[in-house]
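What follows is a single structure, written as structure tokens, with notes after it.
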Amino acid sequence: MRSPVARGVVGAVVVAVASLVTSVVPPSSWVAALPVTGDLRHTLTGRMLGLTFMVAGLGLLAWAWLTVGRRVMAGERLPLLRYVAYWSAPLLLAPPLFSRDAWSYAAQGALVAKGYNPYEVGPGVLSGHIVEAVDPMWMQTPAPYGPLPLAYGGLAAHVTMDPYVLMLAHRLLAVLGIVLIAWSVPRLATACRVDPAFATWLVVLNPMLLTHGIGAAHNDVLMIGLACSAFALALTGRWGTAAVVAGVAAAVKLPGGLVVIAIAAVMSPLAGRLHRFASLAIAGAVSVLTLVTIGALTGVGSGWLGALDVPGLVRSPFSIANLIGMAASGVLGWLGEDTAAAQALQIVRLVGMVAALGLIALLSLRSSIHYAARAVGIALLAVVVLGPSAHDWYFLWCMPFLAVARPGRRLTTIMTAVSLIFTIAAPLNSSLRGATIPILTTTALVIAVALPLLNHVRTLHPARKPAKVPVTAA
């Protein structure tokens with residue numbers, strides 16, 4: 001346990017074992033029938049024990065990550081990508097962590113395989129094992145995702161309707177996303193004169209990415225990997241290919257297309273605003289054409305654009321627009337203005353999105369490669385905090401771009417602290433709705449584990465440029 005690598009592996013193994021108790025799984029799956037953990041799932045004491053081990057395992061993983069980061073910043077040559085493989089391996093076959101979204105992915109793929117339009121109907125039209133673990137909130141809602149993961153899910157569902165196997169198939173997409181991130185981040189860092197080992201540690205080895213990406217199997221990770229790859233390709237002069245890859249990223253989730261901001265900056269690094277706008281228009285047109293083509297070729301279409309408001313059904317506290325809107329609605333309701341109270345949240349959300357779009361337009365006209373990376377990171381962050389929906393794993397969207405944009409000590413400290421908090425507090429997810437005792441218990445555990453680790457964050461010193469002797473990431 002003195003070795004941070006071993007500490008991270010032990011933490012990941014503990015998380016994987018604890019997930020057999022804490023994760024929501026179909027009652028018909030093999031996980032629910034396991035002799036010990038299956039019994040623990042059915043008692044409050046057993047679930048509390050599972051949550052305790054889950055938070056402890058996440059704490060070990062985060063502690064190992066901080067230790068490795070301190071060694072990287074001291075100039076040690078470490079096989080970071082090997083560490084990523086070691087820490088990810090225990091999570092590959094585990095049930096989905098923290099979220100039921102992977103079960104929704106499986107059910108939406110089944111909709112495609114059975115000939116339903118997932119942009120018109122929800123998983124509720126299905127029956128049997130495939131919908132046993134889908135969150136009831138999403139049973140009647142259309143899919144808000146792009147055509148690529150739905151078409152992939154449909155192909156997988158033609159092979160099997162076992163929800164656990166389909167979940168593992170979607171986890172493979174997350175693994176692909178992390179591979180793409182691991183390939184592109186060091187290249188982006190080198191181009192932006194940031195130590196590639198530092199960027200690899202901050203992004204690829206980040207326990208938030210591993211647990212929410214591979215562990216929870218969110219398709220956001222594939223979107224991020226494609227967006228980073230598009231930027232890296234643009235830096236090699238292949239901006240046409242980069243624009244196509246940006247369209248593929250948008251075909252997973254629409255925010256991935258914002259990487260065209262960086263592609264346009266690479267196309268015309270020294271040009272004026274008019275030329276930059278023209279470059280942005282060209283790159284954007286290629287990306288949109290790619291997105292539409294994927295929808296047509298897969299047969300899924302583009303009806304998902306009408307379902308983009310579905311995630312907004314969750315009033316996430318991570319969205320500034322939600323916080324302001326809910327506060328305004330509460331005040332108006334207290335004053336007796338019921339009609340205005342009902343409309344306040346929607347109005348504030350609309351204002352937030354307009355503000356985000358205005359900021360994105362402004363960022364699109366800025367120059368220089370490293371500022372382009374920062375512009376994409378800020379644009380994605382604006383979509384999260386000003387948009388109608390924001391989950392903790394959404395903050396992964398901006399991490400790779402901010403990490404290669406010459407982050408100073410303050411930004412590195414913030415990114416590290418946010419990663420630690422969203423890793424250790426991940427068990428406090430929507431599956432605990434109304435479960436007062438688990439929520440209070442997990443909150444206490446998170447505070448007890450997170451505070452000592454956060455005390456070490458301020459001692460990290462980021463590397464601002466590549467070392468004279470190259471530091472390999474693998």
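No experiment lies behind these values; they were computed from the predicted model shown.
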Do the side chain of [X] and the main chain of [Y] share a donor and acceptor less than 3.5 angstrom apart?
X      : Y      : answer
Arg41  : Leu20  : yes
Gln108 : Gly153 : no
His212 : Phe98  : no
Thr200 : Pro196 : yes
Thr423 : Met208 : yes

- List for me each residue that meets salt bridge (charged side-chain N to carboxylate O under 4.0 Å, His left out) alongside Asp220, sequence neighbours excluded, and say none if there are none.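 Once residues adjacent in sequence are excluded, the partners of Asp220 under the salt bridge (charged side-chain N to carboxylate O under 4.0 Å, His left out) criterion are Lys253.
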
- Assess the pair Tyr164 and Trp30: is the distance between their ring centroids shorter than 6.0 Å?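 Yes, the ring of Tyr164 comes within the 6.0 Å limit of the ring of Trp30, centre to centre.
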
- Quick one: list whatever passes side chain to side chain contact (heavy atoms under 4.5 Å, CB included) with Val17, sequence neighbours left out.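 Residues passing side chain to side chain contact (heavy atoms under 4.5 Å, CB included) with Val17: Val13.
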
- Item | Counterpart residues, side chain to side chain contact (heavy atoms under 4.5 Å, CB included), relative to Leu172 (two or more places apart) |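 Side chain to side chain contact (heavy atoms under 4.5 Å, CB included) list for Leu172, sorted by chain: Tyr152.
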
- Message: Quick check on side chain to side chain contact (heavy atoms under 4.5 Å, CB included): which of Leu297, Leu291, Thr290 does Ile294 satisfy it with?
- Response: Thr290

- Message: Would Trp65 and Thr416 count as a side chain to side chain contact (heavy atoms under 4.5 Å, CB included) here? Give the steps.
- Response: CA-CA 10 Å; Trp65 179 60; Thr416 306; 3.7 Å; yes

- Message: Does anything in residues 162-183 form a salt bridge (charged side-chain N to carboxylate O under 4.0 Å, His left out)? List the pairs, not counting sequence neighbours.
- Response: none

- Task: If a pair satisfies salt bridge (charged side-chain N to carboxylate O under 4.0 Å, His left out) and one of its residues is in residues 102-119, list it, with sequence neighbours excluded.
- Result: none

- Taking only residues at least two apart or on different chains, which pairs with a member in residues 223-238 satisfy side-chain hydrogen bond (donor to acceptor under 3.5 Å, both in side chains)? Thr236-Arg238

- Query: Would you call Trp239 and Ile282 a side-chain contact if the rule is heavy atoms closer than 4.5 Å?
  - Reply: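 Yes. Closest side-chain heavy atoms under 4.5 Å.
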
